[in-house]
Amino acid sequence: MKDVRTRFAPSPTGFMHVGNLRTALYEYLIAKSFNGKFVLRIEDTDQERLVEGAVQVIYDTLKQVGIFHDEGPDVGGDFGPYIQSKRKNLYLPYAQELVKSGKAYYCFCSKERLDSMHKGEHVFEGYDRHCRDLSQEEVDKQLAAGTPYVIRQKMPMTGFTTFTDVVYGEITIENTELEDQILIKSDGYPTYNFANVVDDHLMGITHVVRGCEYLTSTPKYNLLYEAYGWKLPTYVHLPMIMGKNEDGSVSKLSKRHGSTGFVDLVNEGYLPEAIVNYIALLGWCPKDNREIFTLSELAEYFSVDGISKSPAVFDYDKLTWMNGEYLRAMTLDGFTQLAMPSYKKVFPDQDLDWGVLSSILQPRVTKLNQIADMIHFFKELPEYSTELFINKKSKTNTTNSVTMLEAAIPVLESLDYWTTESIHDALLALPEKLEVKNGTLLWPVRIAAAGMTVTPGGAIEILTILGKAEAIKRLNMGLKKLKDENKE
RNA sequence: GGCUCGUUGGUCAAGCGGUCAAGACAUCGGCCUCUCACGCCGAAAACAGGGGUUCGAUUCCCCUACGAGUCACCA
């Protein structure tokens, strides 16, 4: 059997949408699951849409998620060049070949004429095939006069075309639905449809994997393959990824649904591994319904028959959960490394006990960008009201909190070593002595240390991270605050 | 509007003629606990509707409804 080859053929728009990324992922996985090759080809035939640096975005993204292409503009290969603009003059001869054999023709219709046809009351009738049967003399005359032209493919005017898609099954389209599509644009560049087919054939692509928005235009592609007598590729059309609108409806995932670019998601604090894992599951399900996969595990388990037909709504909640799973599965050091930029954002030139900090943060963080807000109270004690000292479950109020702090402060002051262990032992000896529950002591200590009711980590960890001097200072401040108020 | 595809809990989804219709996220309860989280236990929640086929339909066929995609010198 011929080696399986798939390709990712993005347009360099400067933005890697998660839909595109998922397509790339599936193309890669299909190739790998057949032990085949994955090719990157840049489709930049639209000269009006060129974006500076956009190709780099594609390289960077693929690299970040660990999808490596076997062939491509940057890594080379036997079928280059892999950038369509560099293959420009390769397409015209193919189109002319079709003209010669009567399967395509020159069209001299102006844009204005074409536009006017779209404005009719009848919604879309498509191109009226005005130039389909021009005489040879007429064509020669126009060509000699230098009239701008495009080359269009002749579509059959009767009958229907059927093809089989791996996920959607057999699909039949009436040929009357097919327009005489443009192969070569008036600027000399091929259209996407044409370049795509020519390149896929020339590059030996065996499996065409793409979004299902191409499903109904596939017959056009096939008619092209047939016109040249080329072997049809296997088609794998992927269900769409949808976004939820504010009114509850859904539509194709786009920027209005939030961060839908890979870079956006990373900036928001999602891990590339988690993003890949999550999008792999949008439209595909393994036999055993497992959910957590590394990329190489995906390559091992992936199978086209697990691809679903129906569109999937992108769910940030589930992505967030999955991101948390990845964060929690890391080593403490690994987590610290990832969190360090956030730590340094709050403490640019101060070192805390990052290990202890990470140990309390790791189980609580689901997105990296939450960290800065979570740790800001370490840097600066928030303004708070003594009401925070009142907690029913811990049985604390503004009077016994005074007792607790008065008991805790000297004990802490006497500590020679300031570690979680020493603080823990010192503090937890107190409740027994005072005949109160742990919470009654620890609650006011934590409030005074943090100035907030909800904190990442408990009193002991917070004290550790604050350091002895700052910790005791905050406890004394809390004590004073309580006393001042009790006097009134 | 024509054509194409789709429709299992709020979301992702398993199921491929006989199941009390899995699992996960989210939600809600409980346990753990110095708060919050993590973890553990539990609850609620679905086959769009109508016809067939069949001893039996979530599963096969048809119709309707709803949703999506497409109909460019964009990809």
Side-chain angles (χ1 to χ4, degrees), chain A residues 9-11 13 43-46 48-49 107 109 111 114-115 118 122-127 148-152 165 168-169 171-174 176-179 181-187 189-193 195-196 210-218 237 239-240 242 244 248-252 278 281-291 306 308-322 324 328 360-366 374 388 391 393-394 396 427-428 431 437-447 450 452-462:
Chain A
S11 283
T13 61
E43 309 227 333
D44 57 347
T45 54
D46 186 354
E48 288 176 21
R49 283 212 210 168
C107 169
C109 293
K111 254 176 201 158
L114 261 22
D115 287 346
H118 286 294
H122 309 290
V123 185
F124 281 118
E125 285 187 355
Y127 177 57
Y149 66 86
V150 301
I151 296 181
R152 312 185 87 117
D165 179 82
Y168 288 93
I171 294 189
T172 300
I173 308 268
E174 287 174 77
T176 50
E177 292 293 319
L178 275 24
E179 195 175 50
Q181 65 175 339
I182 292 175
L183 270 19
I184 300 291
K185 299 187 267 192
S186 54
D187 65 1
Y189 277 88
T191 56
Y192 164 83
N193 289 325
N196 207 256
R210 54 177 25 165
C212 72
E213 62 266 30
Y214 296 103
L215 203 53
T216 50
S217 53
T218 300
H237 284 93
M240 207 127 259
M242 315 295 282
K244 193 169 223 151
S249 64
V250 296
S251 54
K252 190 170 170 179
Y278 177 66
L281 262 26
L282 279 181
W284 174 77
C285 186
K287 300 253 183 305
D288 60 0
N289 215 16
R290 174 177 162 184
E291 301 209 280
S308 120
K309 289 184 173 76
S310 42
V313 176
F314 191 93
D315 183 6
Y316 290 93
D317 283 338
K318 185 140 188 180
L319 205 212
T320 302
W321 164 78
M322 192 170 276
R328 273 172 253 131
I360 62 170
L361 254 24
Q362 192 172 12
R364 279 167 251 256
V365 171
T366 52
M374 288 171 94
L388 302 195
N391 181 266
K393 210 177 144 208
S394 298
T396 58
L427 245 29
L428 287 193
K437 50 195 280 187
N438 289 353
T440 313
L441 176 87
L442 264 8
W443 179 279
V445 171
R446 194 174 58 85
I447 296 302
M452 320 189 290
T453 50
V454 175
T455 57
I460 295 164
E461 293 94 338
I462 293 172

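Just so you know, these numbers come straight off a predicted model, no measurement behind them. Throughout, protein chains are lettered first and strands after them, A, B, ... in sequence-line order, and every chain is numbered starting at 1.
A:Gly458 comes within 4.0 angstrom of a nucleotide base, judged by non-hydrogen atoms across all strands. Counting non-hydrogen atoms under 4.0 angstrom, A:Ile460 reaches a base of the nucleic acid. Among the heavy atoms of the strands lying under 4.0 Å from A:Glu177 is at least one base atom, whether or not backbone atoms are also near. A:Gly457 comes within contact range of at least one nucleobase, with a heavy-atom separation under 4.0 Å. A:Thr172 comes within 4.0 angstrom of the backbone, heavy atoms only, and of no base. Counting non-hydrogen atoms under 4.0 angstrom, A:Val313 reaches the backbone sugars and phosphates but no base. Among the protein residues, A:Thr45 comes within range of the sugar-phosphate backbone only, with heavy atoms under 4.0 Å from sugar or phosphate atoms but none that close to a base. Among the atoms of the strands shown, only primed sugar atoms or phosphate atoms (P, OP1, OP2) are found under 4.0 Å from some heavy atom of A:Ala312. Within the 4.0 angstrom heavy-atom criterion, no nucleotide atom of any strand lies near A:Val445.
The separation between A:Tyr214 atom OH and B:C5 atom C1' is 17 Å, rounded to whole Å. In this structure, the OH atom of A:Tyr168 is 9 Å from the P atom of B:U7, given to the nearest Å. To the nearest angstrom, P of B:U70 lies 12 Å from OH of A:Tyr192. Straight-line distance from the CZ atom of A:Arg210 to the P atom of B:G69: 17 Å, rounded to whole Å. What separates CZ of A:Arg152 from P of B:C71 is a distance of 14 Å, to the nearest Å. The CE-C1' distance, from A:Met452 to B:A37, rounds to 13 Å in whole Å. Counting to the nearest Å, the C1' atom of B:U33 and the CH2 atom of A:Trp443 are 12 Å from each other. Rounded to a whole Å, the NZ atom of A:Lys437 is 10 Å from the C1' atom of B:C34.
Under the Watson-Crick and G-U wobble criteria, each requiring two contacts below 3.5 Å, nucleotide B:C71 is paired to B:G1. B:C66: Watson-Crick or G-U partner is B:G6, with both key distances under 3.5 Å. Nucleotide B:U19 has no partner under the Watson-Crick or G-U criteria, as no pair reaches both atom distances under 3.5 Å. Summarising the base pairing, B:C34 is matched to no nucleotide, lacking a Watson-Crick or G-U wobble pair whose two defining distances lie under 3.5 Å. Applying the Watson-Crick and G-U wobble criteria (two distances, each under 3.5 Å), B:A57 pairs with nothing in any strand. Pair check for B:C47 finds none; no Watson-Crick or G-U wobble contact set falls under 3.5 Å.
Donor-acceptor pairing under 3.5 Å, judged by distance alone, is present between the side chain of A:Ser186 and the base of B:C73. The base of B:A14 does not come close enough to the side chain of A:Lys287 for any donor and acceptor atom to sit less than 3.5 Å apart. Below the 3.5 angstrom threshold, one finds no donor paired with an acceptor across the side chain of A:Asn289 and the base of B:A24.
Between A:Ser394 and A:Val365, the residue anchored nearer the 5' end of RNA chain B, judged by the nucleotide with its closest heavy atom, is A:Ser394. Mapping A:Glu213 and A:Thr440 onto RNA chain B by nearest heavy atom places A:Thr440 at the nucleotide closer to the 5' end.
Closest to the side chain of A:Pro363, out of B:A75, B:C38, B:C34, is B:C38. For A:Glu179, whose side chain is taken as the heavy atoms from C-beta onward, the closest listed nucleotide among B:U70, B:A68, B:C71 is B:C71. Set against B:A68, B:C34, B:A26, the side chain of A:Met240 has B:A68 as its closest nucleotide. Taking only side-chain atoms of A:Lys318, from C-beta outward, the nucleotide of B:A26, B:G6, B:G23 with the closest atom is B:G23. Set against B:A75, B:C12, B:G69, the side chain of A:Ser11 has B:A75 as its closest nucleotide. For A:Glu174, counting side-chain heavy atoms from C-beta on, the closest listed nucleotide (B:G23, B:C71, B:C3) is B:C3. Candidate nucleotides B:U35, B:G23, B:C34 were compared by shortest atom distance to the side chain of A:Lys393, and B:U35 ranks first. If you check B:G10, B:A13, B:U33 against the side chain of A:Asp315, the one that comes closest is B:G10. Of the candidate nucleotides B:U35, B:A75, B:U4, B:U4 has the atom lying nearest to any side-chain atom of A:Ile171. Of the candidate nucleotides B:C36, B:U70, B:C34, B:C34 has the atom lying nearest to any side-chain atom of A:Leu442.
With contacts defined as side-chain heavy-atom distances shorter than 4.5 Å, the pair A:Asp165/A:Thr218 does not qualify. Between A:Leu427 and A:Asn438, every side-chain heavy-atom pair lies at or beyond the 4.5 Å cut-off. Residues A:Met240 and A:Val250 form no side-chain contact, since every pair of their non-hydrogen atoms from C-beta on lies 4.5 Å or further apart. A 4.5 Å side-chain heavy-atom check between A:Met374 and A:Val365 finds at least one atom pair inside the cut-off. Contact of the A:Lys318 side chain with the A:Leu281 side chain is not registered, since no non-hydrogen atoms from C-beta on lie closer than 4.5 Å. Side chains of A:His237 and A:Ile171 form no contact here, defined as non-hydrogen atoms less than 4.5 Å apart.
Separation of the P atoms belonging to B:A46 and B:U11 is 13 Å when rounded to the nearest angstrom. As rounded to the nearest Å, B:U19 and B:U27 have P atoms that lie 34 Å from one another. Comparing B:U53 with B:C62, their P atoms sit 15 Å apart, to the nearest whole Å. To the nearest whole angstrom, the two C1' atoms, one in B:G52 and one in B:A68, are 28 Å apart. Taking the P atom of each, B:C16 and B:C60 are spaced 11 Å apart, rounded to whole Å. B:G15 and B:C41 have their C1' atoms separated by 27 Å, given to the nearest Å. Atom name P, nucleotides B:A44 and B:A21: the rounded distance is 14 Å, in whole Å. Taking atom P in both B:G18 and B:A75, one finds a spacing of 49 Å when rounded to whole Å.
Taking CD of A:Glu179 as the reference point, atom OG of A:Ser217 lies at 12.0 Å (rounded to 0.5 Å). The distance from atom CZ of A:Arg446 to atom CD of A:Glu461, rounded to the nearest 0.5 Å, is 10.5 Å. For the atom pair A:Tyr214 OH and A:Asn193 CG, the distance stands at 8.0 Å (nearest 0.5 Å).
An OP1 or OP2 oxygen of B:U4 is reached within less than 4.0 angstrom by no side-chain nitrogen or oxygen of A:Lys309. In terms of phosphate contacts, A:Lys252 brings no side-chain nitrogen or oxygen within less than 4.0 Å of OP1 or OP2 of B:A68. For the OP1/OP2 pair of B:C25 and a distance below 4.0 Å, the side-chain nitrogens and oxygens of A:Trp321 include at least one atom meeting the criterion. Distances shown here put every side-chain N or O of A:Thr13 at or beyond 4.0 Å from the OP1 or OP2 atom of B:A75. The side chain of A:Arg328 contributes an N or O atom lying less than 4.0 Å from OP1 or OP2 of B:G39.
For A:Trp443 against A:Ser394, the heavy-atom pair with the smallest separation is CE3-OG, 3.6 Å.
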